[in-house]
Amino acid sequence: MVSVSELWKTWQEGFANKDSSKLAEFLTDDFQFVSARRTMDKQEALDWTAAGGSPTSIDNLEVLFENDDVAVYINGANTVSAVTGEQRDGVAMCFYTKRGGKFSSCRVVRTAT
């Protein structure tokens with residue numbers, strides 16, 4: 001079974017290399033990525049990754065809990081506003097569900113620091 005740390009690293013490499021092929025192996029066919037901005041299915045998440053993602057710098061992964069069914073982590077997130085161009089620092093908390101050794105959903109909540 002893949003760990004959330006492996007998924008996180010693979011997702012970051014996918015953004016950097018604009019290649020989502022390795023990430024696809026970790027997600028169920030009905031994967032859903034939910035954030036305050038939008039909800040993406042698996043293909044939309046893979047396309048977003050292959051395009052390099054959004055102008056966000058993600059670092060300092062801290063896994064709070066993980067078992068065979070769920071994973072929860074927090075990480076630092078520096079985002080550039082699409083409206084003002086202003087850089088905003090914050091923290092993201094991510095809740096993942098797992099099924100059959102893969103990740104089936106992700107819910108992301110971001111807060112400003």
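The figures here come from the full heavy-atom set of this structure, side chains too, leaving out hydrogens, waters and symmetry mates.
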Please round to the nearest 0.5 Å and tell me the distance separating atom [atom1] of [X] and atom [atom2] of [Y].
{"X": "Ser105", "Y": "Phe31", "atom1": "OG", "atom2": "CZ", "result": "7.0 Å"}
{"X": "Trp8", "Y": "Phe26", "atom1": "CH2", "atom2": "CZ", "result": "14.0 Å"}
{"X": "Gln12", "Y": "Leu61", "atom1": "CD", "atom2": "CG", "result": "9.0 Å"}
{"X": "Arg99", "Y": "Asp69", "atom1": "CZ", "atom2": "CG", "result": "11.5 Å"}

Residue pair [X] / [Y]: nearest heavy atoms and the distance that separates them:
{"X": "Val108", "Y": "Cys94", "result": "CG2-SG, 3.8 Å"}
{"X": "Ala92", "Y": "Arg110", "result": "CB-CG, 3.9 Å"}
{"X": "Phe65", "Y": "Val70", "result": "CE2-CG2, 3.8 Å"}
{"X": "Ser5", "Y": "Val63", "result": "OG-CG2, 3.6 Å"}
{"X": "Asn67", "Y": "Lys98", "result": "O-NZ, 2.8 Å"}

Show your working on side-chain contact (heavy atoms from CB on, under 4.5 Å) between Phe15 and Thr49 and close with a plain yes or no.
CA-CA 5 Å; Phe15 285 144; Thr49 303; 3.8 Å; yes
Are Phe103 and Val4 side-chain neighbours, meaning at least one heavy-atom pair lies under 4.5 Å?
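Heavy-atom side-chain distance check passes, below 4.5 Å.
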Step-by-step side-chain contact (heavy atoms from CB on, under 4.5 Å) determination, Thr10 to Glu25
CA-CA 10 Å; Thr10 301; Glu25 300 171 19; over 6 Å; no
Where the side chain of Ser3 meets the backbone of Glu6, is there a donor-acceptor pair that is under 3.5 Å apart?
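Present.
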Taking Thr28 for its side chain and Lys102 for its backbone only, find out whether a donor-acceptor pair lies under 3.5 Å.
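No.
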With under 30° as parallel and over 60° as perpendicular, where do the rings of Trp11 and Trp48 fit, or are they tilted in between?
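Rings of Trp11 and Trp48: perpendicular, over 60°.
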Mind running side-chain contact (heavy atoms from CB on, under 4.5 Å) on Leu7 and Leu27 for me, showing each step along the way?
CA-CA 9 Å; Leu7 175 73; Leu27 308 178; 4.1 Å; yes
Kindly write out the residues that satisfy salt bridge (charged side-chain N to carboxylate O under 4.0 Å, His left out) with Asp29, not counting sequence neighbours, or none if the list is empty.
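Once residues adjacent in sequence are excluded, the partners of Asp29 under the salt bridge (charged side-chain N to carboxylate O under 4.0 Å, His left out) criterion are Lys42.
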Just to verify, what does Arg107 make a salt bridge (charged side-chain N to carboxylate O under 4.0 Å, His left out) with, not counting sequence neighbours?
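Scan of Arg107 (salt bridge (charged side-chain N to carboxylate O under 4.0 Å, His left out), adjacent residues dropped) gives none.
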Between Asp41 and Gln32, does a side-chain contact (heavy atoms from CB on, under 4.5 Å) hold up when you go through it step by step?
CA-CA 5 Å; Asp41 64 20; Gln32 291 284 299; 3.5 Å; yes
Should Leu64 and Phe95 be counted in the same cluster of Ile, Leu, Val, Met, Phe, Trp and Tyr side chains packed under 4.5 Å apart?
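Yes, Leu64 and Phe95 fall within the same hydrophobic cluster.
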